[in-house]
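Shown next, in structure tokens, is the structure this report addresses.
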There are 2 protein chains.
Amino acid sequence: MTTQIFFALSDPHRQEILLRLARGGPQTTLNLLKGIGATRQGATRHLLILEEAGLVKSEKRGREVIREFNPETVALAQQWFTDLESAWDSRLDRLRKQYETK
Amino acid sequence: MTTQIFFALSDPHRQEILLRLARGGPQTTLNLLKGIGATRQGATRHLLILEEAGLVKSEKRGREVIREFNPETVALAQQWFTDLESAWDSRLDRLRKQYETK
DNA sequence: GAGATATGCAACATATCGGTTGCATATTAG
DNA sequence: CTAATATGCAACCGATATGTTGCATATCTC
């Protein structure tokens with residue numbers, strides 16, 4: 001689950017797109033395309049990957065598709081880091097206790 | 001920079017390896033190999049990717065290589081999420097102020 | 001309806017990924 | 001020294017990623 005999120009963020013174009021969506025709010029594909037050195041199809045592909053990872057929501061409005069940043073999924077990724085750190089911390093704790101009881 | 005970190009975390013094997021390093025402390029390649037359905041070379045490759053991303057440190061000790069979890073790099077990735085969220089939040093703030101001054 | 005606009009779909013080329021295999025090297029143990 | 005152990009290096013394969021191009025479709029504007 002989180003692997004998909006991390007994969008979506010492992011590309012500079014996708015990072016840039018997501019940041020711009022968070023900053024600039026809901027936008028069309030063509031708008032997001034500007035400033036990124038990519039074709040329309042390239043940008044669309046990246047947006048689909050971001051959407052499949054849950055980082056972006058999309059809504060069809062007339063002939064255009066509006067993409068929107070989805071803040072909920074970010075929490076999932078952050079939780080993974082939190083778990084990793086707590087695994088690390090609890091190990092340090094264990095080592096410390098072991099040392100103290102000697 | 002963070003793209004490399006996210007890429008390293010976009011594979012279930014590498015996630016598992018990193019978790020086990022954080023939990024179990026410094027270990028050899030062969031030890032990390034156990035429990036993961038992969039060849040020695042497969043595991044080595046994953047470890048190198050984790051190391052290039054800065055998530056793992058390695059130290060050659062005699063004929064074996066000890067891999068160790070590096071907690072510092074995790075902070076970089078977390079910072080990226082923090083920046084993303086602050087971009088999002090500041091946008092919401094702007095919208096709210098714009099609404100209030102009407 | 002006609003033209004412009006926004007997008008989707010499909011095929012293709014090139015590169016990289018994940019994984020395996022075979023062989024070489026270095027260190028340790030007897 | 002010899003055998004076992006831990007690893008590195010290089011080539012290979014199939015699958016996937018990234019990016020492009022060409023064509024089709026849907027919608028809006030006039």
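Here is how names work: the chains are called A, B, and so on, in the same order as the sequence lines, proteins then strands, and each is numbered from 1. Note: hydrogens, waters and symmetry copies are ignored here, and every other heavy atom, side chains too, is used.
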Does the side chain of A:L48 reach to within under 4.5 Å of the side chain of A:R67, using non-hydrogen atoms?
-> yes
Does the D:dG8 base have a donor-acceptor partner in the side chain of B:R40 within less than 3.5 Å?
-> yes
If you take atom types as modelled and just measure distance, does the side chain of A:E64 reach the base of D:dC28 with a donor-acceptor pair under 3.5 Å?
-> no
Drop me the distance from [X]'s [atom1] to [Y]'s [atom2], to the nearest 0.5 angstrom.
| X | Y | atom1 | atom2 | result |
| --- | --- | --- | --- | --- |
| A:I66 | A:L21 | CD1 | CG | 10.5 Å |
| A:R45 | A:T39 | CZ | OG1 | 11.5 Å |
| A:R96 | A:D93 | CZ | CG | 5.0 Å |
| A:E59 | A:E64 | CD | CD | 10.5 Å |

To the side chain of B:R63, which of D:dA6, D:dG8, C:dG8 is closest?
-> D:dA6
Whole-Å gap separating [atom2] ([N]) and [atom1] ([X]):
| X | N | atom1 | atom2 | answer |
| --- | --- | --- | --- | --- |
| A:E51 | C:dG8 | CD | C1' | 13 Å |
| A:I66 | D:dT27 | CD1 | P | 15 Å |
| B:L30 | C:dT27 | CG | C1' | 14 Å |
| A:K60 | C:dA6 | NZ | C1' | 9 Å |
| B:L48 | D:dG8 | CG | P | 7 Å |
| A:I17 | D:dG19 | CD1 | C1' | 13 Å |

Closest non-hydrogen atoms of A:L33 and A:R40, given as atom of the first, atom of the second and distance, are CD2-CA, 3.8 Å
Comparing nearest nucleotides in DNA chain D, the 5'-proximal residue of the pair A:A38, A:R61 is A:A38
Determine: side-chain N/O of B:T29 to OP1/OP2 of D:dA6, distance under 4.0 Å, yes or no.
-> no
Residue mapping more 5' on DNA chain C - nearest nucleotide basis, B:Q41 or A:R67 | A:R67
Could you list the donor-acceptor pairs under 3.5 angstrom formed by side chains in residues 1-16 of chain B, with sequence neighbours left out?
| from | atom 1 | to | atom 2 | distance (Å) |
| --- | --- | --- | --- | --- |
| B:T2 | OG1 | A:Q15 | NE2 | 3.2 |
| B:S10 | OG | B:F7 | O | 2.7 |
| B:D11 | OD1 | B:H13 | N | 2.8 |
| B:D11 | OD1 | B:R14 | N | 3.1 |
| B:R14 | NE | B:A8 | O | 2.8 |
| B:R14 | NH1 | B:H46 | ND1 | 3.1 |
| B:R14 | NH2 | B:F7 | O | 3.3 |
| B:Q15 | OE1 | A:W80 | NE1 | 3.4 |
| B:Q15 | NE2 | A:T2 | OG1 | 3.1 |
| B:Q15 | NE2 | B:L9 | O | 3.0 |

Under-3.5 Å N/O pairs linking protein and nucleotides 12-18 of chain D:
| from | atom 1 | to | atom 2 | distance (Å) |
| --- | --- | --- | --- | --- |
| D:dT18 | OP1 | A:R14 | NH2 | 3.2 |
| D:dT18 | OP2 | A:R14 | NH1 | 3.4 |

Mind checking A:G62 for me? I need base, sugar-phosphate or nothing, with any heavy atom below 4.0 Å counting as a touch.
-> sugar-phosphate
